[in-house]
Amino acid sequence: MSDSIESRLKEERRFPPSAEFSKGARVQSHAAYTSMYELSLSDPETFWREETGDLVFRTPWKKVSEWALPHAKFFVGATLNITESCLDRHLGTSARTRAAIVWEGEPGDVRTLTYFELHREVVRLSAALTDLGVKPGDRVAIYMGMVPETAVAMLACARIGATHSVIFGGFSSDALRERINDCGAKVLLTQDGAWRRGNVVPLKKMADEALEKTPSIEKAVVLRRIGQEKCPVEMKQGRDVWWDELVTRTPSENALGLAKKPAAFDAEHPLFILYTSGSTGKPKGVLHTTAGYLVGAHVTTKYVFDLRESDLYWCTADVGWVTGHSYIVYGPLSCGASCMMYEGAPNAPDWGRFWNIIEKHGVTILYTAPTAIRAFIRAGDQWPAKADLSSLRLLGSVGEPINPEAWTWYHRVVGGGRCPIVDTWWQTETGSIMLTTLPGACYSKPGSTGLPLFGVDIEVVKDRGDPCKANEGGKLVIQRPWPSMARTLYNDDARFKDAYWSQMPGVYFTGDGARRDEDGYFWVVGRIDDVLNVAGHRIGTAEIESALVSHPAVAEAAAVGRPDDLKGQALVVFVTLKQGQDPKDLKSKLAEHIDKEIGKFARPDAIRFTDSLPKTRSGKIMRRLLKEVASGAETKGDTSTLEDLSVLAKLRTDEE
Ligand code: WT7
């Protein structure tokens, strides 16, 4: 695989949309895109007034934005209940009886919820949460899998103004506890278990362990997904309540009133906290607020996926990550779209599962990640070949750079050569897609993430902030606030300033390196901070290191990434042991320790024991050297500050 930036920059092919695709699209030409983009920057008031027209505001906004960096407000003066844009507004239209969610469980069970039914479920749960004592501004943790109730849970919180924090079901109980305690959640919503590759992930059991030390939690609501026989759970008296029993209780008059005619909240009311990795050991609680986030998710979904009533749109991300928040829940529902949702693994029971789902339900838009595409390539063309994929009309990619080989395969084998591909660059912090090619308007280039979306003033700059020349590598920065921008890090505003706004005055630093070519297309290289992207999962090296050193046998640890054909990056850790510790058997123990501290998805791909780590004279671990050792590359850089060169020679000869 050649996903290096050099090989991607050699990529000169251009794939324009077909005339037929463009003709039916919302934005039909490059010129139309450009004039919208220019208006969004030169006259944001006019642009956003037009684009917010189909969303529901109780009080219209007075001013598009106000900022004193790093803080910004959008749609100032507006009040709204975000769920009215996602649910209520569709009830008076033909969408009322249209599928909002078409869900397939891993065992093959199927459920469809119309907009009417989704609204009803959200109303019931929000009334029940009110009766449990949840109030506007309270935090509610959600530790669930890919079931429709997870979307119901998020929307029910939003409806009563509670701030949700979804914790990906792959996180361990320790990681769950840390996040619950950081945000001080009052209620946890979870489920007995979730299906994953034919096995049950015992979410409730893991939640029980987490809840042993979470003083803020008063109640845990438990959805029955698997059932007592295959997934027995213990219900703690006074704390735990079954979801079905809760929502079938008669709600109080007040709670029902609030659920049916929900309160309106300020545009900047906190909507959700989502934890993500940064360059220190502690996860960052990225905080998004209401109006700006909704507008970002809505407008990007509408234009990037160019949704029509006849579409069945499928974003394969987990709802525990931001992609699930913006492009399974808030974006598509605010557009009245019909969304496919799938519970399980792409290879359960075999590698044909995705193609089978597309054929069976008639999926028209598929949005997935390069790491999945590469896994499908490896599994073989016979799997997609077996299914009828002719319903597809548009494909999307997200999460990491896509190498041209994977792009071409996706285009040819999945898209039958007829579907445009939108490669979308964005982050947990940006809330919505920032860079892509609008599918009816702009040609795509395999490996490039395209052009800026509306309101996105983005640039590649040198260290001091001067713009780079065409094709010159630099830092990717955003030069003015945008509606769906993260507003702060929960309880850590100083870190928000420091992590994103301190590199260069007045600009947001993304943490990514990039180039922009002579056509203005962006080519994202990847993270240039201490954050890895392993199979589309964002992993902080410092988090891995602090998890490792919390093991009694470990003295020091360094985590680095190494290029990987399948995962994009693989996680390699170098570990020094305390005196008298025997490395024998420790590899599997350390791997299990990571499972426990963070979650299985963060398991290192290689653990290498060493007597010492290469350090500068001032004692800093030289990660750059370790990266080279991990990937088997020759040492290129300057090693003059290396404390003891023999350390490096030794590392190279050590076996993995
Ligand atoms: C990082 C953000 C929000 C998307 C899911 C991941 C990388 C994301 C692309 C892309 C190249 C990409 C960046 C970014 N990334 N999309 N299309 N091309 N790189 O969200 O966990 O917050 O990670 O993912 O490095 O900074 P996230």
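Counting starts at 1 for both ligands and their atoms, following the listed order.
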Per-atom contacts, ligand 1 versus [X] - under 4.0 Å to a heavy atom:
{"X": "D423", "answer": "10 (C), 17 (N)"}
{"X": "N533", "answer": "7 (C), 24 (O)"}
{"X": "P401", "answer": "11 (C), 18 (N), 19 (N)"}

What is the nearest protein non-hydrogen atom to [atom], stated with its residue, atom name and distance?
{"atom": "atom 1 (C) of ligand 1", "value": "R527 NH1, 4.0 Å"}
{"atom": "atom 6 (C) of ligand 1", "value": "G399 CA, 4.3 Å"}
{"atom": "atom 23 (O) of ligand 1", "value": "R538 CD, 3.5 Å"}
{"atom": "atom 13 (C) of ligand 1", "value": "D512 OD2, 2.9 Å"}
{"atom": "atom 2 (C) of ligand 1", "value": "W426 O, 3.7 Å"}
{"atom": "atom 5 (C) of ligand 1", "value": "T323 OG1, 3.4 Å"}
{"atom": "atom 4 (C) of ligand 1", "value": "V398 CG2, 3.4 Å"}

Might you point out which heavy atoms bring [X] and [Y] nearest each other, and give the distance in Å?
{"X": "P370", "Y": "I402", "result": "CG-CB, 3.8 Å"}
{"X": "A297", "Y": "S432", "result": "N-CB, 3.9 Å"}
{"X": "A317", "Y": "G324", "result": "CB-N, 4.1 Å"}

Exercise. Is Q427 in polar range of ligand 1, meaning some N or O pair under 3.5 Å apart?
Worked result: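 Yes.
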Counting only heavy atoms closer than 4.0 Å, does ligand 1 sit against the backbone of [X], its side chain, both, or neither?
{"X": "V322", "answer": "side chain"}
{"X": "E400", "answer": "backbone"}
{"X": "V524", "answer": "side chain"}

For this session: Verify the distance criterion only: is there a donor paired with an acceptor across the side chains of Y275 and T428 at less than 3.5 Å?
Result: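 Their side chains do not contain a donor-acceptor pair, so the 3.5 Å distance test is not met.
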Exercise. Only one of Y303, Y37, W48 clears ring pair (Phe, Tyr, Trp, His ring centres under 6.0 Å) with F454; which?
Worked result: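 For F454, the ring pair (Phe, Tyr, Trp, His ring centres under 6.0 Å) check succeeds only for Y303.
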Exercise. Looking at D512, T449, T430, which one forms a side chain to side chain donor-acceptor pair (under 3.5 Å) with W425?
Worked result: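 Output: one option passes, namely D512.
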Exercise. Between F74 and R487, is any pair of side-chain heavy atoms under 4.5 Å apart?
Worked result: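 When only atoms from C-beta onward are counted, R487 and F74 do touch, with a gap below 4.5 Å.
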Exercise. Taking the six-membered ring of F509 as reference, does the NZ or CZ atom of K475 fall below 6.0 Å from its centre and within a 45° cone about the axis?
Worked result: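 Output yes; distance and angle both within limits.
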For this session: Please determine if R179 forms a cation-pi arrangement with F171, meaning its NZ or CZ atom is less than 6.0 Å from the six-membered ring centre and no more than 45° off the ring axis.
Result: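 Satisfied, under 6.0 Å and within 45°.
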